[in-house]
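Both backbone and side-chain heavy atoms feed into the values below; hydrogens, waters and symmetry mates do not.
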Amino acid sequence: MKDFNLKDAKQWSRMGPRAMFGQFMLEIAEKNENLMVLSADLGRSSGLDRFKKKYPEKYLSVGISEQNMIGVASGLAKEGFKVFVTSFAPFLSMRASEQIRMNLGYMKLPVNLVALGSGVSMGYLGNSHFGLEDIAVMRTIPGLNISSPADCSEMGKILYDYAFKNLGPSYIRLTGIPGYPSVYEKNYSYKFGEPITLRNGKDALILSTGSMVCQSIIASDILSEKNIKVELMNIHTLKPLNEKIKNKLNSFKHVFTIEEHSVIGGLASIISDKIARSSNNTILTSIALPDRFGPTGTYNYLLDYHGLTGKKIAEKILSILKI
C-alpha cells in the first residue's frame, strides 16, 4: 500500500469501510493478476460496483449462499488464486462457520474473509445483521487469523498484507460507518501481529480494537485533562495475539479492554486468558456490548446507548480507578 497523508485519511473516512474495501480491491487488482473477489449477492453493499465493472473476470457473485461461497473460494485458493470473500459479519461467521472450519481451518486454504458491518454499524437493519459474536465464533477455529482495523487507512494496510503475503486464512472484521473519525492521519509503520502504542501512560492500560480505537483516543484525552495518564494500544491483530502483550499486562494493575463486540468471547476474553495464565494481580475491566440483544437505531445512538463513546468510556474508567 502506498503512503498516505491527511487528505487521503479524511477522504477515506468520509467514504467509509465498505466503499474503501472496494477501492482497495481495485488497487490490488492492478498489481495482483491472481486476485479473485467473491460476494454473496452484496456487490454494491461491499463497495464493489466499480470493481466488477472494471474486472468482471476477477469478480464472482454466488448469490445468497454463503456456505457455497466458502466452497467456491476454497477451490479457487487451491488453484493458486488470491481470494477475498465478502458478506455481512453474522452471515459469514455463523451461517458458513462449518465450511470455514473445514476448508480454511482444517485444510488451511488461504481465503480472506471480509466481514462487513461488524458490531452495530448496520444500525436500523437490527440484530439479524449486527456482528455481535463473530470474534467469539471465529477465534475457536485453529489456524484462522483475525484482524480488526482501527480505520480505513489501517484496513488498506491489512488488505495489502493479506493480498501480497502468505499469512494463511483470515477473518477481517470491518467496523465503523462513513464519516467515522480516522485514527491515523499520516502514514505509519504497520506490521502484522504487532500492536501499536498510541498513548503512553502509567495509571492504566487500555487495549482497544477496531472502531473503538478512535473512541479510546477520545477517552484517553479526557482522562489526561484530569491528570490520569493511560497507555493505549491498538490491537489490530486479535489472533494470533502478540506475546509482548503479556509483559504489558504484568506492568499495570488496571487493564481495560474496549471493543464493539459482545462482552463474551472477544478481546476481553482473549486478554482474560492471558491474565489467568500469568498469575498476576491485574484487574481487568471489559467495556463492550452486553450479553443480550439491544435496540436498533443510528450508529452513533447505539454507541452512546451501549456506553461506547469516548465520554462514557472515560467516565467508566474514572469510576473504576477512583483517582
Spatial distance of atom CZ (Phe91) from atom OG1 (Thr86) [nearest 0.5 Å]: 12.5 Å
Spatial distance of atom NZ (Lys54) from atom CD (Glu57) [nearest 0.5 Å]: 11.0 Å
Short side-chain to backbone donor-acceptor contact, Thr175 and Ser211, under 3.5 Å: yes
Closest non-hydrogen atom pair, [X] against [Y]:
| X | Y | answer |
| --- | --- | --- |
| Val111 | Ala77 | CG2-CB, 3.9 Å |
| Gln67 | Arg95 | NE2-O, 2.9 Å |
| Ser97 | Ile141 | O-CD1, 4.2 Å |
| Ala163 | Ile28 | CB-CG2, 3.7 Å |
| Ile313 | Gly307 | CG1-O, 3.8 Å |
| Val263 | Ser269 | O-OG, 4.1 Å |

Geometric class of the Trp12/Phe24 ring pair [parallel <30°, tilted 30-60°, perpendicular >60°]: perpendicular
Do [X] and [Y] have a side chain donor and acceptor closer than 3.5 Å?
| X | Y | answer |
| --- | --- | --- |
| Asn34 | Lys58 | no |
| Ser153 | Tyr188 | no |
| Ser208 | Ser216 | yes |
| Asn234 | Glu154 | yes |
| Thr282 | Lys253 | no |

Stacked cation flag Arg18 on Phe21, 6.0 angstrom / 45 deg: no
Row check, Tyr171 ring normal vs Lys239 NZ/CZ: under 6.0 Å, within 45°: no
Enclosure of Glu33 CD (heavy-atom neighbours >12, cutoff 6.0 Å): no
Arg139/Asp134 salt bridge by N-O under 4.0 Å criterion: no
Ion pair check, Asp304 and Lys311, cut-off under 4.0 Å: no
Residue pair Met233 / Ile245, side-chain heavy-atom distance below 4.5 Å: yes
Given Asn112, Thr237, Asn145, the one that forms side chain to side chain donor-acceptor pair (under 3.5 Å) with Ser170: Asn112
Between Phe4 and Tyr184, ring centroids under 6.0 Å: no
